[in-house]
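The structure appears right after this line, and notes come after that.
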Number of protein chains: 2
Amino acid sequence: MLPTNTAERLCKIYGILQMIKKDSGYVSSKELASMMGTTDFTIRKDISALNLVSFGRRGYHIGELSSVLGKALQLSRPYRSCIVGLGRLGSALLDYESFRGDGFDIVAGFDSNINKIERIRTQIAVYPVSELDQVVKNKSIEVGIIAVPHNSAQEVATTLVKSGVKGILNFSPAQIKVPSEVVLYNMDFTSALRFVVSQI
Amino acid sequence: MLPTNTAERLCKIYGILQMIKKDSGYVSSKELASMMGTTDFTIRKDISALNLVSFGRRGYHIGELSSVLGKALQLSRPYRSCIVGLGRLGSALLDYESFRGDGFDIVAGFDSNINKIERIRTQIAVYPVSELDQVVKNKSIEVGIIAVPHNSAQEVATTLVKSGVKGILNFSPAQIKVPSEVVLYNMDFTSALRFVVSQI
């Protein structure tokens, strides 16, 4: 297992490579560093942790680095994911441009409001949240994305974990708890905005 | 200026304190560590960087820690912010539950689609993006939140910076560039989802 900070940066590098893929054959650690707002030393250290990538005069070969990163980060196959909570944020995520065709299969959406489920316009199958447990098991969903209000986030997380989900991306401001074997990542908008302000 | 990692964690601690405020008078570094998924040593080190907080047998006094953090992170006054791009994500952010009354004044929204601006239901003043420069100056907006598609993100960022914004929270998957004196924080959903998968 890669250290958390290294894995976080390698995921960003992988994302950058996907975007610049068509532009050129090679990328230098300096270019990557400038795009990520870090130092080229950090970039080289992170990539050297993979122990598999050659670094020539022209930098890293984009195709090679991308494929090695994909394997190291377990991104070589799509992960079956679902979104719980189809308010504005949840339905924005259902159609988020860079999820599509990017190693993630969003295979289901859930909401507690039956009217919303009937009205929502999306290509993805949507269900009442009462069927969460059953659908996650039937569809072998591995990742749950939580976009419900903070007061129901823990309940949703608990159901997801019980149903067999291995990772959770939490968009609610709630501090949810999961067993240590389940991966949890909090996308906390308010903390992010506070961080911007604290650095001004 | 606090180190980046410390500031990020202190912002999260501040958010937790806002939520548990009513629950009890004191909080221990162990409790904070468990809520944040880190070690109590890290929490104590981060808080000791503030050099101002007493730590008794019962832990930190929530009110005192909250007020010291608010000052250190410059959160003692609301920052005037705007959201550019009012698609599903942008309009979700306009009404995001934990932005309201939480040290951030979202004072304007912008979109390139005039019809959308006329139809959108929100309490916040909305404008065509052609008026971005003028409105940011007139309203003394300090923070810009970018929620446009990736192909227009850089143009929006450049206009925001020219108009005097000091910090940018970028929700688009684009790698945008800003001058070094402007604070930039990327909320990259795809990287976050990749990170979850890489740790499974």
Side-chain angles (χ1 to χ4, degrees), chain A residues 1-2 4-5 7-8 10-12 14-16 19 34-37 72-75 79 81 87-99 102-104 142-143 145 149-150 166-169 173-175 177 183-200, chain B residues 1-2 4-5 7-8 10-12 14-16 19 34-37 72-75 79 81 87-99 102-104 142-143 145 149-150 166-169 173-175 177 183-200:
Chain A
M1 177 83 75
L2 294 161
T4 306
N5 288 343
E8 267 190 88
L10 290 176
C11 287
K12 286 184 187 164
Y14 184 83
I16 290 174
M19 272 194 290
S34 132
M35 285 186 273
M36 290 180 48
L73 300 169
Q74 312 193 62
L75 298 166
Y79 281 74
S81 313
R88 285 182 173 180
L89 176 63
S91 45
L93 295 171
L94 265 189
D95 292 325
Y96 186 60
E97 54 173 334
S98 78
F99 282 168
D102 206 12
F104 303 104
E142 296 161 286
V143 176
I145 299 172
H150 76 277
K166 293 175 202 152
I168 289 179
L169 184 57
Q175 300 291 325
K177 290 190 181 183
V183 182
L184 170 67
Y185 191 83
N186 292 306
M187 289 294 272
D188 182 342
F189 298 163
T190 311
S191 275
L193 202 43
R194 284 197 185 109
F195 176 74
V196 169
V197 163
S198 77
Q199 303 291 301
I200 280 179
Chain B
M1 176 85 73
L2 295 161
T4 306
N5 288 344
E8 267 191 87
L10 290 176
C11 287
K12 285 186 188 164
Y14 185 83
I16 290 174
M19 272 195 290
S34 132
M35 285 185 273
M36 289 180 48
L73 301 170
Q74 313 193 59
L75 298 166
Y79 281 74
S81 314
R88 284 182 172 179
L89 176 62
S91 46
L93 294 171
L94 266 188
D95 292 325
Y96 187 60
E97 55 175 333
S98 77
F99 283 168
D102 207 11
F104 304 104
E142 297 160 286
V143 176
I145 300 172
H150 76 277
K166 294 176 202 149
I168 289 179
L169 185 56
Q175 300 292 325
K177 289 188 181 186
V183 182
L184 170 67
Y185 192 84
N186 293 305
M187 287 296 271
D188 182 342
F189 297 163
T190 312
S191 274
L193 202 43
R194 284 196 186 110
F195 176 74
V196 170
V197 163
S198 76
Q199 303 291 300
I200 280 177

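Below, read A as the first sequence line, B as the second, and so on, with proteins coming before strands; counting in each chain starts at 1.
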Is A/Leu10 in contact with chain B via its backbone, its side chain, both, or neither, using a 4.5 Å heavy-atom distance? neither
Heavy-atom nearest pair, B/Lys166 first then A/Ile200, reads CD-CG2, 3.7 Å
Shortest non-hydrogen contact from B/Ser198 to A/Cys11? OG-SG, 4.1 Å
How long is the span from the OG1 atom in A/Thr190 to the CG atom in B/Leu75, to the nearest 0.5 Å? 11.0 Å
Distance-minimising heavy-atom pair for A/Val183 and B/Gln199: CG2-O, 3.2 Å
Could you pull out the closest heavy-atom pair between A/Ser91 and B/Arg88, with the gap in Å? O-NH1, 2.9 Å
Residue, of A/Ala174, A/Ala72, A/Gly15, A/Ala192, that accumulates the most heavy atom pairs under 4.5 Å with chain B: A/Ala192
A/Leu169 to B/Phe189 - nearest heavy-atom pair and separation: CD2-O, 4.3 Å
Looking only at heavy atoms, which two atoms of B/Phe195 and A/Ala7 are closest? And how far apart? CE1-CB, 3.8 Å
Mind checking the CD1-CD spacing from A/Ile16 to B/Gln175? Nearest 0.5 Å is all I need. 4.0 Å
So, do B/Leu73 and A/Arg194 sit near enough that their side-chain heavy atoms are less than 4.5 Å apart? no
What part of B/Ile168 gets within 4.5 angstrom of chain A, counting heavy atoms only: side chain, backbone, both, or neither? backbone
Which answer fits A/Val143, side chain, backbone, both or neither, if we ask what part of it has an atom under 4.5 Å from a heavy atom of chain B? side chain
For chain B, find which of A/Lys177, A/Met35, A/Met36, A/Met187 contributes the most heavy-atom pairs closer than 4.5 angstrom. A/Met187
